[in-house]
Amino acid sequence: MKKYKFKIKNLDCANCANELEGALQKIDGIENVSISFMMQKLTFECMEEKKDEALEKIRKVIKKEEPDVQLEEG
């Protein structure tokens, strides 16, 4: 497993962050999902060869749950 960190933009409140984190935790293939509202960061772990697939799933969930939120590497 490898840990990945992304910046989250346009996340409005801590409650939204908690709800989004809960939705992301249900995705198969990723583990240890954490969203820090204060730091505007998303971290998760997955197998290195599954990163692109995991990111695609994460983006779909974000688009459904919080359409204004954007992910950026970093």
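No hydrogens, no waters, no symmetry mates; every other heavy atom, side chains included, goes into these values.
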Report task. Would you check if Val33 and Thr43 make a side-chain contact, meaning some heavy-atom pair closer than 4.5 Å? Result -> no
Report task. Go through the steps for Lys63 and Arg59 under the test side chain to side chain contact (heavy atoms under 4.5 Å, CB included), then give the verdict. Result -> CA-CA 6 Å; Lys63 188 173 184 176; Arg59 289 184 198 279; over 6 Å; no
Report summary line: Rounding to 0.5 Å, atoms CG (Leu55) and CD1 (Ile62) come to a distance of 9.0 Å
Query raised in the report: After noting the C-alpha distance and the side-chain angles of Ile35 and Leu11, does the key distance pass the side chain to side chain contact (heavy atoms under 4.5 Å, CB included) rule?
Result: CA-CA 10 Å; Ile35 294 178; Leu11 193 57; 3.9 Å; yes
Query raised in the report: Who pairs with Lys41 by salt bridge (charged side-chain N to carboxylate O under 4.0 Å, His left out), at least two apart in sequence or on another chain?
Result: none
Query - Distance-minimising heavy-atom pair for Gly29 and Cys46 - result: O-CB, 3.3 Å
**Report entry** Minimum heavy-atom distance between Cys16 and Glu66, given as atom pair plus value
**Finding:** CB-OE2, 3.6 Å
Query raised in the report: Roughly how far apart are Leu20 CG and Phe37 CZ, rounded to 0.5 Å?
Result: 12.0 Å
Requested in this report: Supply the atom-to-atom distance Glu65 CD to Glu21 CD, rounded to the nearest 0.5 angstrom.
Outcome: 13.0 Å
Query raised in the report: Rounded to the nearest 0.5 Å, what separation is found between the NZ atom of Lys50 and the CG atom of Asp28?
Result: 10.5 Å
Report summary line: Only one of Lys64, Glu56, Lys57 passes side chain to side chain contact (heavy atoms under 4.5 Å, CB included) with Lys60, and that residue is Glu56
Query raised in the report: Is the CD atom of Glu48 crowded by more than 12 outside heavy atoms at less than 6.0 Å?
Result: no
Query raised in the report: Tyr4, Met39: one ILVMFWY side-chain cluster at the under-4.5 Å cut-off?
Result: no
Query raised in the report: Counting only heavy atoms not in Met1, do more than 12 sit closer than 6.0 Å to its CE atom?
Result: yes
Query raised in the report: Any side-chain heavy atom of Lys3 within less than 4.5 Å of one from Glu45?
Result: yes
**Report entry** Pairwise side-chain contact, Leu42 with Leu24, heavy-atom cut-off 4.5 Å (strictly under)
**Finding:** yes
Report task. Any chance you could measure Glu53, atom CD, to Ile27, atom CD1, to the nearest 0.5 Å? Result -> 10.5 Å
Query raised in the report: In Å and rounded to the nearest 0.5 Å, what is the CD to NZ distance from Glu73 to Lys7?
Result: 11.0 Å
**Report entry** Sidechain N-carboxylate O distance under 4.0 Å for Lys9, Glu72
**Finding:** yes
Query - Phe6: partners by ring pair (Phe, Tyr, Trp, His ring centres under 6.0 Å), with sequence neighbours left out - result: Phe44
